[in-house]
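In what follows, a single structure is set out as structure tokens and then discussed.
Atoms within each ligand, like the ligands themselves, are counted from 1 in listed order. All residue numbers refer to positions in the sequence shown, counting from 1.
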Amino acid sequence: MNVETSDDRILAILGGKPVRETYLPYGSQYIDDEDIQMVISTLRSPFLTQGPKIKEFEDEVARFTGAKYAVAFCNGTAALHGAVFAAGITKGDEVITTPMTFAASANCVRYCGGTVVFADIVPKTCNIDINQIKKKRTDRTRAIIPVDYTGQPADLDELMDFAREYGLIVIEDAAHSLGATYKGKKVGSIADMTMFSFHPVKHITTGEGGIITTNSEEFFKRLILFRSHGITRDRNMLKNQAEGPWYNEMLDLGYNYRITDLQAALGISQLSKIESFLKRRRTIAQRYNEAFTGIDGVVIPYQKDDRNSSWHLYVISLNLNHLRVGRREIFEALQQENIGVNVHYIPVHLHPYYERLGYRKGIAPVAESVYETILTLPLYPSMSDKDSYDVIKAVKKVLDHYRAAH
Ligand SMILES: *Cc1c(COP(=O)(O)O)cnc(C)c1O
């Protein structure tokens, strides 16, 4: 199919009609009969929660990422909370993260009473800037939470080297980057702890769900404890002599953050399809890259050669100097075309909660200015080829309409 010529013809025919008749969301799950059967068979088993599927799922994720341990949680945010707890973060401790992320990457620090320090991003990749981290580090800094924005891993070698030099713990928020590689190595075994989310828009889903992978036995044990009320039956961990077979101890203030066997069963089935999911995401991203290269008014997402993105999101940047309108008009025009565009993200420090804590506009100027121009286009494995060509058509149509005359 020659996209260029069919575009021109269709645009001419459509005139004022939207490119699509039905709305195309920006992200969605892919569930097949195999997934459904896995959940049904677990429903018929003796275990709905805390059964064999959780350990099986954890083992599969550990194997896939190359990590030694994995601990599943009821969602990615709970998993991040667990990681920050395991890292021993408490009141008075500072944790550095990026403002160009979902609020959960910062909130997890607040849950443990820690202070969030935002380090600005590199404009091209929108990942955290190691030079800004160096500027923001103090004697109270205990950890760094980098985010692999859109699926492209952050500068992990530089981050790990810096963290080792100052005794900091790195918790990688890899909610976007299941299956991504960094210098040939899979994300999940590089940082001290790595978090993946299984929300339906992410690479694989368990409905709600998340996991921490780690190579550290100490972190692993603390994560297990935290996930289930802080209670253990492990004889090696008890403070007192076991009074009998029923005996358990609550060692810390944990939560009930467990995932169910039903969800884990879905996760196992979903993970078995990860390679085809990744391939499909990469194919569509490549198609977008080719279609938008050289199109006036749009900048395609910059990718570094030494890492392979898992393409959770496809985020373009609008070159507003070349357009007659702002990002808002482009966003609304694409919604009119039934293309489910989105914006990832409103910089976290600009949310009223963080403003109330004293954070102000101006602390991360790069993130703040990037935010003004970004637009997320639909990208997920269950999109058809036609869906992806509709996105391309709609973007070209809207940009052509609003392009500034030279
Ligand atoms: C999705 C996401 C999370 C939170 O995951 P949930 O499973 O929705 O709690 C955290 N950080 C980032 C960057 C995310 O995209």
Side-chain angles (χ1 to χ4, degrees), residues 25-29 57-58 61 70-85 95-112 116 118-119 121 125-128 143-154 156 170-180 187-188 191 193-213 223 226-227 255-260 263-264 266-267 270-271 281 301 309-315 342-349 351 354 364 367 370-371 374 376 379-380:
Y26 90 90
S28 183
Q29 68 274 24
F57 180 47
E58 289 169 338
V61 174
V71 181
F73 285 80
C74 55
N75 59 64
T77 304
L80 278 174
H81 186 184
V84 173
F85 168 84
V95 177
I96 300 175
T97 191
T98 166
M100 188 48 74
T101 184
F102 182 59
S105 319
N107 294 351
C108 58
V109 177
R110 298 293 306 139
Y111 298 153
C112 293
V116 181
F118 293 103
I121 57 170
T125 61
C126 293
N127 274 328
I128 197 163
I144 308 172
I145 305 180
V147 176
D148 300 329
Y149 181 74
T150 70
Q152 175 166 231
L156 298 172
V170 177
I171 301 166
E172 184 179 354
D173 180 337
H176 297 185
S177 56
L178 183 66
V187 162
M193 287 179 269
T194 305
M195 184 280 288
F196 299 101
S197 163
F198 307 126
H199 180 277
V201 298
K202 306 288 163 67
H203 290 83
I204 65 168
T205 190
T206 58
E208 294 280 357
I211 209 162
I212 300 290
T213 58
L223 289 162
F226 187 75
R227 173 175 72 176
Y255 290 74
N256 180 353
Y257 274 172
R258 295 185 302 260
I259 195 168
T260 67
Q263 292 168 298
L266 178 56
Q270 285 267 298
L271 190 61
R281 283 178 179 275
S309 177
S310 55
W311 290 104
H312 164 53
L313 298 175
Y314 189 90
V315 177
N342 212 319
V343 173
H344 296 92
Y345 292 93
I346 298 165
V348 178
H349 63 287
H351 284 292
Y354 283 98
V370 160
Y371 162 64
I374 49 178
T376 307
L379 174 60
Y380 46 99

When only distance counts, is Gly76 in polar contact with ligand 1, meaning an N/O pair under 3.5 Å? yes
Could you check Glu208 against Phe198 for side-chain contact (heavy atoms from CB on, under 4.5 Å), going step by step and ending with a plain yes or no? CA-CA 6 Å; Glu208 294 280 357; Phe198 307 126; over 6 Å; no
Taking a cutoff of less than 4.0 Å between a non-hydrogen atom of the residue and any ligand atom, is Gly209 in contact with ligand 1?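 Under 4.0 Å: yes for Gly209.
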Any heavy atom of Gly210 closer to ligand 1 than 4.0 angstrom? no
Walk me through whether Ile128 and Val147 qualify under side-chain contact (heavy atoms from CB on, under 4.5 Å). CA-CA 7 Å; Ile128 197 163; Val147 176; over 6 Å; no
Hey, mind stepping through Tyr371 and Met100 against side-chain contact (heavy atoms from CB on, under 4.5 Å) and telling me if it holds? CA-CA 8 Å; Tyr371 162 64; Met100 188 48 74; 4.3 Å; yes
Contact partition for [X] relative to ligand 1, non-hydrogen atoms under 4.0 Å:
{"X": "Met195", "answer": "side chain"}
{"X": "Thr77", "answer": "both"}
{"X": "Lys202", "answer": "side chain"}
{"X": "Tyr345", "answer": "side chain"}

Hey, can you tell me if [X] and [Y] have their rings parallel, tilted or perpendicular (30° and 60° cut-offs)?
{"X": "Phe118", "Y": "Tyr354", "answer": "perpendicular"}
{"X": "His81", "Y": "Phe226", "answer": "perpendicular"}
{"X": "His203", "Y": "His312", "answer": "tilted"}

Ile374 and Val343: which non-hydrogen atoms are nearest, and at how many Å?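 Nearest heavy atoms, Ile374 then Val343: O-CG2, 3.9 Å.
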Just do the side-chain contact (heavy atoms from CB on, under 4.5 Å) check on Lys202 and Leu178 with the steps written out, would you? CA-CA 9 Å; Lys202 306 288 163 67; Leu178 183 66; over 6 Å; no
Pick, from Thr150, Asn75, Thr101, the option with the minimum heavy-atom distance to atom 13 (C) of ligand 1.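 Shortest heavy-atom distance from atom 13 (C) of ligand 1: Thr101.
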At a 4.0 Å threshold, what atoms of ligand 1 neighbour a non-hydrogen atom of Ser105?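 Reading through ligand 1 atom by atom, the close ones are 11 (N).
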Provide, to 0.1 Å, the distance between atom 5 (O) of ligand 1 and the closest protein heavy atom, together with that atom's residue and name.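 Its nearest protein heavy-atom neighbour is Ser197 OG, 3.3 Å.
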Which residue and heavy atom of the protein sit nearest atom 11 (N) of ligand 1, plus the separation: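 Of every protein heavy atom, Asp173 OD2, 2.7 Å lies nearest to atom 11 (N) of ligand 1.
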